[in-house]
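The structure appears right after this line, and notes come after that.
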Amino acid sequence: MSTTIADAQTPVADTGAVPDPNPFLDPLRFERRVPECTAVIFGANGDLTKRKLLPALYSLARDRRLSAGFAVVGNSRTEMSHEAFRDRMKAAVQEFLENGEFDEEVWEGFSQGLYYLPGNVKDPAYYEQLRNLLDEIAENRHTGDNVLFYLSTQPSLYSPIAKQIGSAGLAKSARGGWRRLVVEKPFGHDLSSAHELSADVQTVFHESEIYRIDHYLGKETVQNILAFRFANGIFEPLWNRHYVRQVQITAAESIGVEGRGGYYEESGALRDMIQNHLLQVMATMAMEPPARFEPEAVRNEKAKVLQSIRPMSRDDVRTQAVAGQYGPGRVGGHELPGYRQEEGVDSNSQTETYAATTFYVDNWRWAGVPFYVRSGKRLPKRVSEISIEFAAAPHALFAAQNPARTPNLLILRIQPAGGISIRFDAKKPGEGTQLRGVSMDFHYGSSFGTHEPTAYETLLIDAIVGDGTLYTRQDMVEASWAAVEPILDVWGNSKQRFPNYRSGSWGPEETEEMLRRGENTWRKP
Ligand code: BG6
């Protein structure tokens with residue numbers, strides 16, 4: 001069979017996703033109508049529901065961004081009445097609301113749509129009760145039988161729940177509604193478990209109905225990377241290996257593991273932050289312009305970046321990756337314990353709380369440019385940013401008076417206080433030509449003067465509307481597991497000399513060495 005033009009244009013990663021005929025999907029993600037629906041939250045007694053999901057849903061209701069009949073069904077094993085669940089969620093929203101004020105009257109209306117159905121999610125009988133409750137809600141609140149299932153339980157329950165939803169016939173609506181599945185991170189523990197999990201949920205839901213959440217993609221400043229790059233003509237010509245010397249992506253946290261020792265012991269910084277959040281940020285920064293601003297076109301381009309990451313050999317891992325674990329230290333006048341002294345952590349733990357890696361994206365745009373990516377807990381401050389260093393001017397005209405020059409940096413600040421800065425040299429006023437580094441700044445807060453929606457507000461609305469642009473697809477998740485797996489293998493099979501950095505410092509000494517090999521140094525944000 002000869003190759004046609006249409007064949008040649010088939011995306012590299014054919015995930016079987018079909019173009020979405022969804023009438024709610026506005027390609028510009030703007031002024032969208034939000035359909036009626038019920039969200040079923042599995043794991044509704046957990047931390048994520050209290051801290052993020054319910055506060056986000058309440059904010060959306062308050063800002064009139066949800067439909068009037070919107071409903072939530074909470075599930076966990078704990079016995080509780082609808083009323084007790086509403087009380088618990090009210091306290092959670094009052095404590096964790098990030099945007100605006102809590103309003104009693106809005107809560108009264110919103111909480112009428114909150115239901116609770118306790119039960120064992122492995123028991124088929126549970127899904128019969130769920131069906132009855134969903135039917136009742138569809139009838140009373142006119143939800144059109146649309147249902148968003150949200151998996152926020154321990155990850156080992158993701159497959160069993162998806163399969164039970166399928167066996168109970170709940171993955172399809174008998175009345176023309178839609179059914180979708182949102183899956184919280186971690187999506188797998190390594191490449192093969194992520195592949196297996198996708199295969200399991202795909203026996204029940206089509207890939208286009210599966211929404212793998214990565215909350216970094218919902219952050220305003222991460223979304224703004226695309227606007228910055230593709231709405232302006234001045235940056236894109238420089239956005240390649242001819243002009244960019246190096247890229248640094250940092251997610252530093254000042255907190256420790258905060259009572260999540262049990263989870264973190266199984267995870268570590270590479271799995272917790274780099275495999276998902278930071279590789280997604282890197283893909284957004286490095287992708288080619290998509291043909292259209294619509295989910296599959298955007299995700300095809302991100303997938304290509306992740307698939308172009310150069311695989312590391314065992315020897316590469318020794319020079320391109322650094323693991324760290326925090327010891328005790330003094331931060332802001334407080335003595336803090338080391339990771340091994342935290343609750344739920346083994347006193348000889350080999351889990352890394354800091355990870356730094358050097359990735360290369362082997363394609364025409366980025367060949368040879370190092371992408372340094374790091375994340376750690378108990379660092380001096382909470383800051384996430386991308387810093388892009390441009391090549392120096394080809395001839396240093398002012399070198400005699402100014403031997404040390406400021407590199408030209410473009411800094412995309414994700415948090416806190418999102419914004420964009422450009423660093424360059426300027427002449428100091430007065431005689432002679434003395435240079436000094438200065439910066440030109442854009443701050444989200446002062447330029448727009450409006451509150452930013454939280455990442456969960458954005459992502460929940462997207463899932464309800466049926467827009468997967470900011471969700472990860474199977475091929476993206478698998479490519480990012482493939483990129484970190486050699487590092488996980490080497491680290492998992494060698495004994496590290498931990499702890500190797502003090503709480504409140506910028507990580508282990510070896511991390512500076514990694515950059516020195518490329519004649520670079522880490523930026524101190
Ligand atoms: C989560 C990680 O996904 O992201 C946490 O599990 C981490 O360990 C958190 O603290 C960071 O998110 P944010 O939005 O505070 O940068």
Side-chain angles (χ1 to χ4, degrees), residues 43 46-53 55-56 59 96-99 150-155 158 182-189 194 211-225 249-282 284 323-326 336 339 342-345 349 351-355 373-386 412-419 444 452-460 470-472 477 480-481 484 503 507 525:
D47 240 27
L48 187 84
T49 306
K50 277 190 283 196
R51 287 173 185 270
K52 299 287 179 190
L53 302 182
S59 282
F96 297 112
L97 185 65
E98 289 173 51
N99 271 335
Y150 198 114
L151 302 184
S152 173
T153 55
Q154 46 167 299
Y158 293 170
V182 181
V183 188
E184 256 303 329
K185 72 171 271 246
F187 198 90
H189 189 70
Y211 288 70
R212 298 173 189 78
I213 201 160
D214 186 308
H215 80 280
Y216 264 61
L217 292 179
K219 290 181 188 275
E220 276 298 321
T221 35
V222 175
Q223 294 180 63
N224 193 39
I225 298 171
I249 301 177
T250 299
E253 295 186 279
S254 52
I255 54 170
V257 286
E258 310 296 295
R260 292 162 78 222
Y263 154 78
Y264 205 82
E265 278 286 271
E266 296 297 310
S267 166
L270 191 63
R271 285 190 173 91
D272 188 47
M273 294 293 290
I274 294 186
Q275 181 274 331
N276 38 65
H277 304 323
L278 297 192
L279 280 176
Q280 289 301 322
V281 168
M282 179 172 138
T284 312
Q325 187 192 78
Y326 63 80
L336 295 171
Y339 176 68
E342 304 271 12
E343 200 189 317
V345 172
S349 174
T351 302
E352 82 286 355
T353 59
Y354 176 99
V373 179
R374 65 176 162 170
S375 180
K377 298 218 182 262
R378 285 279 174 76
L379 301 185
K381 53 164 90 161
R382 175 175 187 252
V383 57
S384 299
E385 64 166 39
I386 307 174
L412 306 173
R413 169 71 65 96
I414 298 169
Q415 62 190 23
Y444 245 87
E452 290 176 20
T454 63
Y456 276 94
E457 285 173 50
T458 302
L459 294 171
L460 283 164
L470 303 178
Y471 281 85
T472 61
V477 169
S480 45
W481 275 120
V484 299
S503 283

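For ligands, and for the atoms within them, numbers begin at 1 and follow the listed sequence. Starting from 1, each residue takes its place in the sequence as its number.
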Atoms of ligand 1 close to K185 [distance to a heavy atom under 4.0 angstrom, numbered from 1]: 1 (C), 2 (C), 3 (O), 6 (O)

Y216 heavy atom under 4.0 Å from ligand 1: yes

Nearest-contact summary for atom 6 (O) of ligand 1 - protein heavy atom, Å: D272 OD1, 2.6 Å

Nearest-contact summary for atom 14 (O) of ligand 1 - protein heavy atom, Å: K219 NZ, 2.6 Å

Closest to atom 12 (O) of ligand 1 (judged by heavy-atom distance), picking from H215, K377, K52: H215

Under 3.5 Å donor-acceptor, S152 side chain and E184 backbone: no

E258, CD atom: more than 12 neighbouring heavy atoms under 6.0 Å: yes

Donor-acceptor pair between S349 and E265 side chains, under 3.5 angstrom: yes

Sub-4.0 Å heavy-atom approach of E258 to ligand 1: no

Shortest protein heavy-atom distance from atom 11 (C) of ligand 1, along with the residue and atom involved: E253 OE2, 3.6 Å

Between Y263 and D272, a side-chain donor and acceptor under 3.5 Å: yes

Those atoms of ligand 1 less than 4.0 Å from some heavy atom in Q415: 13 (P), 16 (O)

V182 vs L459 side-chain heavy atoms within contact, under 4.5 Å: no

R374-T250 side chain donor-acceptor pair, cut-off 3.5 Å: yes

Under 3.5 Å donor-acceptor, E352 side chain and A269 backbone: yes

Top protein contact for atom 15 (O) of ligand 1, by heavy-atom distance: R382 NH2, 3.2 Å

